[in-house]
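Read through the structure below, which is laid out as structure tokens, and then see the notes.
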Amino acid sequence: MKHINGLIAAPFTPFLDNGELNLDLIPTYYQSLKRNNIAGAFICGSTGEGVSLTFDEKVNVMKAWAALTRNDQDFTLMMFLGGTNIKECKELAAISEHESVDVISFTSPFYFKPATAKQLAVCCAEVAAAAPNTAFYYYHIPVLTGGNYAMLDLLKEVDALIPTFKGIKYTHEDFMDFLSCSNYKNKKYDMLWGRDENMLSSLVLGCKGAVGSTYNYAAPLYHDMIAAYDAGDFAKANDLQQKSIDMITLLGKYGGIATGKAYMKLIDLNCGGFRLPVANMDNAQFTAFEQEVANLGFAAFKSKH
């Protein structure tokens, strides 16, 4: 249960043109992340369309990644279990431990929601107990789950309840809560930043690890930003964060999360499209998108294939 530092990519789940899993692409995907100094992968999360995968598909994706990473001590494999069906999450947790996955992660149930952080902690404990030898991270993404709990309250509840609780993937903009969590119990828990577009602000608060989708295809930009910040070159770090924002703005312009797979095509990793209900851009939109990406100077900071 080591501390997680560096950039953790949230991989897209690759699909074939018929919408079925393309597991054969995962070894190439893994090697691309390694070449770009990515420290791990958070699979089957939001970017990975975990909520759109069947149970068996999630198991198959997990096993494909685990086969590649279980002997790689420099790469942390994090498996997102889900957050609505607790029984299914427990089953996935047990399989994850059997496959030597490094970390399991769980988010707030988002249909029947826990009423309090204390009840959320009960849910976390139930899932974590199914994999008693595997690190457990909570995934805080209230914009999608509606689980607007203060994470400091959750840490206070789990501290003596879940021995494997290691930290939080924090995909939210509450810097006050984030800092308080980071400082809790003498910095006991890992706080992994989850908003690529304002990573620079998290560095100011002492963040050492981050999970994000744009690290799949623009890792050099963020490595350079971190290096500039560490060197005290705040003007350069600011410029690079703005470049990140400009790049991420195109996601919204061209339809949202599915635009990430369009970026992947530009580094020669074709992960297919997103499943419904997410919309994918048509050919004309992709041509316009490709031109705008070129105008951003994407070639200068895109990940190596």
Side-chain angles (χ1 to χ4, degrees), residues 4-15 21-22 25-26 28-53 57-58 61-62 64-66 68-69 75-83 92 96 101-107 135 137-145 166-172 190-199 202 207-223 226 244 247-248 251-252 256-265 267 269 271-275 278 302-303:
I4 296 176
N5 295 317
L7 302 182
I8 305 292
F12 300 91
T13 297
F15 296 126
L21 293 179
N22 183 8
L25 187 65
I26 290 177
T28 303
Y29 204 145
Y30 165 64
Q31 290 300 329
S32 175
L33 297 182
K34 293 286 289 182
R35 273 191 294 275
N36 289 279
N37 299 312
I38 294 297
F42 186 93
I43 60 173
C44 297
S46 305
T47 302
E49 297 179 80
V51 295
S52 299
L53 302 178
E57 286 177 327
K58 284 186 273 194
V61 170
M62 176 215 304
W65 279 98
L68 297 165
T69 64
F75 195 91
T76 299
L77 183 63
M78 307 178 74
M79 174 65 187
F80 178 60
L81 307 173
L92 281 173
S96 298
V101 170
D102 299 300
V103 171
I104 54 173
S105 185
F106 169 80
T107 197
Y137 281 68
Y138 180 72
Y139 179 13
H140 185 48
I141 185 165
V143 69
L144 291 181
T145 65
K166 191 77 167 81
I168 297 172
K169 177 186 182 296
Y170 199 97
T171 307
H172 190 40
D190 282 348
M191 295 298 296
L192 305 179
W193 189 250
R195 287 284 190 221
D196 310 4
E197 61 269 36
N198 48 27
M199 176 198 277
S202 76
C207 182
K208 301 298 183 184
V211 181
S213 64
T214 63
Y215 312 152
N216 287 294
Y217 48 82
L221 186 157
Y222 296 96
H223 287 309
I226 294 168
S244 161
M247 177 181 66
I248 291 169
L251 271 71
I257 193 169
T259 309
K261 282 191 172 181
Y263 272 112
M264 293 301 287
K265 290 179 182 178
I267 66 164
L269 275 175
C271 296
F274 261 67
R275 286 181 174 172
V278 177
K302 70 178 183 179
S303 295

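Residues Tyr29 and Cys271 have side chains in contact (heavy-atom distance under 4.5 Å, counting atoms from C-beta outward). With a 4.5 Å cut-off on side-chain heavy atoms, Ile43 and Val101 do not count as touching. Contact of the Ile257 side chain with the Leu251 side chain is not registered, since no non-hydrogen atoms from C-beta on lie closer than 4.5 Å. Contact check for Tyr138 versus Thr107: side-chain heavy atoms found under the 4.5 Å cut-off. Between Leu192 and Tyr170, every side-chain heavy-atom pair lies at or beyond the 4.5 Å cut-off. Side-chain atoms of Val103 and Ile4, non-hydrogen and from C-beta on, do get closer than 4.5 Å to each other. Between Leu92 and Met62, some side-chain heavy-atom pair lies under the 4.5 Å cut-off. Residues Met191 and Cys207 are not in side-chain contact: their nearest non-hydrogen atoms beyond the backbone lie 4.5 Å or more apart.
A side-chain contact (heavy atoms from CB on, under 4.5 Å) with Trp193 is found for one member of Ile168, Val211, Ile8, Asn198 and no other, namely Asn198.
Judged by distance alone, with hydrogens and angles left aside, the side-chain atoms of Glu49 form a donor-acceptor pair with the main-chain N or O of Arg275 at under 3.5 Å. At distances below 3.5 Å, not a single donor-acceptor pair connects side-chain atoms of Ser105 with backbone N or O atoms of Phe80. No side-chain donor-acceptor contact under 3.5 Å links Asn36 to the backbone of Ser303. When atom types are taken as modelled, the side chain of Asp102 and the backbone of Met78 share no donor-acceptor pair closer than 3.5 angstrom.
Expressed to the nearest 0.5 Å, how far CG of Leu81 lies from OH of Tyr137 amounts to 14.0 Å. Interatomic distance, Leu269 CG to Asn216 CG, rounded to the nearest 0.5 Å: 9.0 Å. Atom CE of residue Met199 and atom CG of residue Leu221 lie 9.0 Å apart, to the nearest 0.5 angstrom. Atoms CG and CD, from Leu68 and Gln31 in turn, are 7.5 Å apart once rounded to the nearest 0.5 Å. For the atom pair CG (Leu144) and OG (Ser46), the distance works out to 5.0 Å, reported to the nearest 0.5 Å.
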The test is side-chain contact (heavy atoms from CB on, under 4.5 Å); show your working for Ile141 and His172 and say whether it passes.
CA-CA 6 Å; Ile141 185 165; His172 190 40; over 6 Å; no

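Applying the ring pair (Phe, Tyr, Trp, His ring centres under 6.0 Å) rule to Tyr263 yields the partners Tyr217, Phe289, Phe298; only residues at least two apart in sequence or on another chain are considered.
Looking at every heavy atom in both residues, Lys166 comes nearest to Ala135 through CB-CB, 4.2 Å. The two atoms that bring Ser52 and Glu57 nearest to each other are O-OE1, 4.3 Å, heavy atoms only. Contact record, Thr214 with Tyr222: OG1-OH, 2.7 Å, taken as the closest heavy-atom pair. The minimum heavy-atom distance linking Asn5 with Ala39 is given by the pair O-CB, 3.5 Å. Minimum interatomic distance between Ser213 and Asp196 (heavy atoms only, all atoms of both residues): N-OD2, 3.4 Å. When every heavy atom of Lys261 is checked against every heavy atom of Gly272, the shortest pair comes out as CD-O, 3.3 Å.
Note on ring orientation: taking the six-membered ring where Trp is involved, the planes of Phe75 and Trp65 are parallel (angle under 30°, cut-offs 30° and 60°).
For Lys34, the NZ atom is densely surrounded, since the number of other residues' heavy atoms within 6.0 Å is greater than 12.
Between Tyr139 and Phe42, the ring center distance clears the sub-6.0 Å criterion.
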